[in-house]
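Data first, discussion second: the structure below is written as structure tokens.
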Amino acid sequence: IHFPVRIMGREISSTGRMGTRVPSGARHEGLFRKEPFMVHPCSTAALFDLTKTQAAPLLSGTTFPWEALAGLETFIFQLGESLDPQQYERLGDYVWAAKTARIAKSAYLGGPCIIGPGTEVRHGAFIRGSALVGEGCVVGNSVELKNCVLFDGAQVPHFNYVGDSVLGCKAHLGAGAVTSNVKSDKSPVVVKAAGEALPTGRKKVGAMVGDGAEVGCNSVLCPGSVLGRGAQVYPTSCVRGYVPENHIYKAAGNIAARR
């Protein structure tokens with residue numbers, strides 16, 4: 001089975017062997033057949049439930065989630081200006097926070113950013129800007145956010161760096177886990193999955209962490225890493241490439257299905 005994928009404005013063909021079925025509630029039907037077609041496992045549709053983020057209008061127009069990074073800053077500016085003042089307050093230049101959010105006085109919030117309802121921003125958190133943080137999230141002690149989306153319920157509670165990344169609903173980074181967003185040679189990031197190379201066209205791309213994924217303490221997600229829904233990463237891992245949905249990354253070359 002072949003299906004078209006558009007990357008950087010160019011349509012390519014990819015095979016069904018890499019595909020995964022669209023999750024329930026997001027299934028697409030073919031024009032002339034009733035069978036659902038396959039979607040790329042690194043696609044926005046495969047990784048995320050877009051009903052769990054205010055970034056849905058931005059992400060819904062993408063094939064792959066990293067395509068949204070370029071327009072995230074502008075999107076947050078526009079979304080912030082449209083928020084209900086009965087539910088959100090403006091704390092500074094282009095900084096909007098839900099009135100039910102709990103924000104430590106020692107936290108730094110740089111605009112543009114949006115902090116969702118019931119979210120906790122703890123002591124010493126550093127939000128550099130272009131961060132869209134959803135409902136019920138945790139941004140913890142000494143955590144730094146930059147140009148990223150945290151879906152509802154995502155948690156980065158202790159000493160994390162999340163840059164140029166998207167974290168899905170209830171995704172969790174253990175203490176000290178970080179997303180590395182720039183290659184050492186500064187060349188454009190290429191996402192690699194099952195032998196296929198997907199050029200992002202960007203020098204800065206962190207990690208795309210699917211809904212419910214768990215990353216162990218002190219792990220590094222290298223530039224362009226993708227974790228499928230429900231994926232798990234052992235502590236102190238250095239992850240490159242793609243970890244399939246509901247699989248466990250134990251070490252390089254050792255990825256096992258969850259039981």
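The shortest side-chain heavy-atom distance between Leu227 and Val239 falls under the 4.5 Å cut-off. Looking at Met208 and Trp66, their side chains come closer than 4.5 Å, going by heavy atoms from C-beta outward. Within the 4.5 Å cutoff, the side chain of Ile127 has heavy atoms near those of the Ile115 side chain. Taking 4.5 Å as the limit, some side-chain heavy atom of Pro244 sits within range of a side-chain heavy atom of Ile255. The shortest distance between side-chain heavy atoms of Phe64 and Leu198 falls below 4.5 Å.
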Start with the C-alpha distance between Asp93 and Val95, add both sets of side-chain angles, then the distance that settles side chain to side chain contact (heavy atoms under 4.5 Å, CB included), and finish with yes or no. CA-CA 6 Å; Asp93 290 340; Val95 175; 6.0 Å; no
Do Leu132 and Leu79 pass the side chain to side chain contact (heavy atoms under 4.5 Å, CB included) test, and can you show the C-alpha distance, the side-chain angles, and the key distance before you say yes or no? CA-CA 10 Å; Leu132 178 50; Leu79 177 61; 4.2 Å; yes
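The two residues Gly124 and Ser106 have their closest heavy-atom pair at N-OG, 3.2 Å. Closest non-hydrogen pair, Val243 versus Ala231, comes out as CG1-CB, 3.9 Å. Minimum interatomic distance between Asn141 and Arg122 (heavy atoms only, all atoms of both residues): N-CB, 3.9 Å. Minimum heavy-atom separation, Trp96 to Gly80: NE1-O, 3.2 Å.
Taking the charged nitrogens against the carboxylate oxygens, Arg258 and Glu245 have no contact shorter than 4.0 Å, which rules out a salt bridge. Between Asp164 and Lys146 there is a salt bridge, since a side-chain N of the basic residue sits under 4.0 Å from a carboxylate O of the acidic one.
Within 6.0 Å of atom CZ in Phe75, more than 12 heavy atoms from other residues, nucleotides or ligands are found, so the atom counts as buried in its surroundings.
Side chains of His40 and Glu196: a donor on one and an acceptor on the other come within 3.5 Å. With no hydrogens or angles considered, a side-chain donor-acceptor pair links Thr62 and Thr44 at under 3.5 Å. Side-chain atoms of Thr179 and Asn181 include no donor-acceptor pair closer than 3.5 Å.
Without hydrogens or angle criteria, Thr200 side chain to Val189 main chain gives a donor-acceptor distance under 3.5 Å. Ser219 places a side-chain N or O within donor-acceptor distance of the main-chain N or O of Tyr234, the cut-off being under 3.5 Å. No donor-acceptor pair under 3.5 Å is formed between the side chain of Ser130 and the backbone N or O of Asn147. Distance alone, capped at 3.5 Å, is enough to place a donor-acceptor pair between the Ser165 side chain and the Gly163 backbone.
When each of Phe159, Tyr161, Tyr108 is checked for a ring pair (Phe, Tyr, Trp, His ring centres under 6.0 Å) with Phe126, only Tyr108 meets the rule.
Here the straight-line distance linking atom CZ of Phe48 with atom CZ of Arg229 works out to 8.5 Å at 0.5 Å rounding. From Lys203, atom NZ reaches atom CG of Asp185 across 10.5 Å, with rounding to the nearest 0.5 Å. Put simply, CG on Asn160 and OG on Ser142 are 10.0 Å apart, with the number rounded to the nearest 0.5 Å.
The side-chain tip of Arg240 does not point at the ring of Tyr242 from less than 6.0 angstrom away and within 45° of straight on.
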